[in-house]
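Throughout, numbering of the chain's residues begins at 1 and tracks the sequence. Ligands are counted one by one from 1 in listed order, and the atoms in each one are counted from 1 as well.
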Amino acid sequence: MIKKIILLIVSALFFIGCSSARKTVDYENIATNYVNQIKSENLKTNLTIIASDEMEGRETGSNGQKKAGNYIIEQYKNAGISFPNGATSYYQNVPASFLNAKRNLNLQDSENIWSFIEGSDKKDEIVVVSAHYDHVGIENGEIHNGADDDGSGTVALIEIAKAFQKAKNEGNGPRRSILILHVTGEEHGLLGSRYYSENPLFPLSNTVSDVNIDMIGRRDDLHKDSNNYVYVIGSDYLSTDLYNVCENANKKHTNLLLDYKFNDKKDPNRFYYRSDHYNFAKNGIPSVFLFSGVHEDYHKPGDDVEKIEFDALTKRTKYAFAIAWEIANRDKKLIVDKKDE
Ligand SMILES: [Zn+2]
């Protein structure tokens with residue numbers, strides 16, 4: 001009798017021990033702490049360097065782009081953020097033969113750059129957060145710094161990665177894994193993201209979403225009175241869940257005006273097909289593209305850091321993070337319930 005009671009107590013303690021070891025995190029409530037880790041001054045410091053003349057406009061395969069790549073990697077090393085499991089460095093090499101296959105542009109070997117925050121209980125499911133770090137280089141002797149295109153997305157990714165890593169360090173790490181992907185060759189036809197989609201490090205079947213950022217640092221003519229907006233493109237094409245995640249993350253954290261103007265497939269600009277998320281979306285992966293529109297310096301030498309509106313860039317970066325946070329931490333992965341046609 002006594003022995004049995006002892007056994008019961010011992011087994012009860014064992015179960016208590018197990019359940020407290022599996023810490024339950026209230027991801028929804030703590031999200032705000034990490035959204036607030038996205039700092040305007042960090043975005044500015046990094047963008048001032050990424051979009052400086054030293055980077056020579058970051059043409060795909062150029063020395064300037066490689067310098068920018070080195071700077072990006074340095075930020076990850078400083079923050080203790082590693083490259084993905086299964087990779088041997090922060091680089092995915094994208095060979096010149098691939099870059100020049102469709103049109104010979106005489107591009108040199110280039111690289112996608114990746115960093116990784118491994119998930120906890122759902123680590124085999126991958127959430128990609130992407131932005132391109134190449135731009136158009138030097139044309140007619142003038143450096144095109146591409147501060148908005150896509151320096152803004154480049155520095156946003158660094159801040160987002162740091163916020164996820166901080167969460168992880170504090171035991172609140174994402175349940176799914178976060179793959180931060182700085183792609184190359186975008187300006188020559190989404191080449192780096194296509195290379196990744198054809199040579200993925202993690203199976204595309206386990207890739208649950210791509211949150212893609214391309215130009216979120218300025219305002220367009222349609223929003224002259226306020227920069228408190230962002231264009232949301234593609235969120236509802238494959239997954240009602242993703243649409244709802246994007247709507248709710250904004251209501252909870254950022255209160256931007258979500259502008260769906262370019263979500264209309266009949267829109268002649270066809271922006272949905274014009275940035276890197278498309279290489280994920282075409283493979284049936286629910287993807288959202290965040291964008292603040294074109295302006296008079298689009299693909300011109302005047303796309304400089306002085307013209308970036310850092311209050312807007314910060315808010316839109318927080319928004320992208322909040323979307324990725326919810327996708328990474330929700331119980332059920334995003335359901336694909338629609339066909340993109
Ligand atoms: Zn771009």
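- A distance of 5.0 Å separates CG of Asp214 from CZ of Phe289, quoted to the nearest 0.5 Å.
- The Zn ion (ligand 1) has no N, O or S atom of His135 inside 2.8 Å of it.
- Take the Zn ion (ligand 1) as the corner point: the lines to OD2 of Asp214 and to NE2 of His132 open at 90°, to the nearest 10 degrees.
- Put simply, Asp150 stays out of reach of the Zn ion (ligand 1), with no N, O or S atom under 2.8 Å from it.
- For Tyr76 and His182, the ring centers are positioned less than 6.0 Å apart.
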One pair to check against side chain to side chain donor-acceptor pair (under 3.5 Å): Gln65 and Thr184. What are the steps and the verdict? CA-CA 9 Å; Gln65 189 199 26; Thr184 184; 2.8 Å; yes
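- Side-chain N/O atoms of Asp303 and His144 include no donor and acceptor closer than 3.5 Å.
- Metal site remark for the Zn ion (ligand 1): Asp149 contributes an N, O or S atom at a distance under 2.8 Å.
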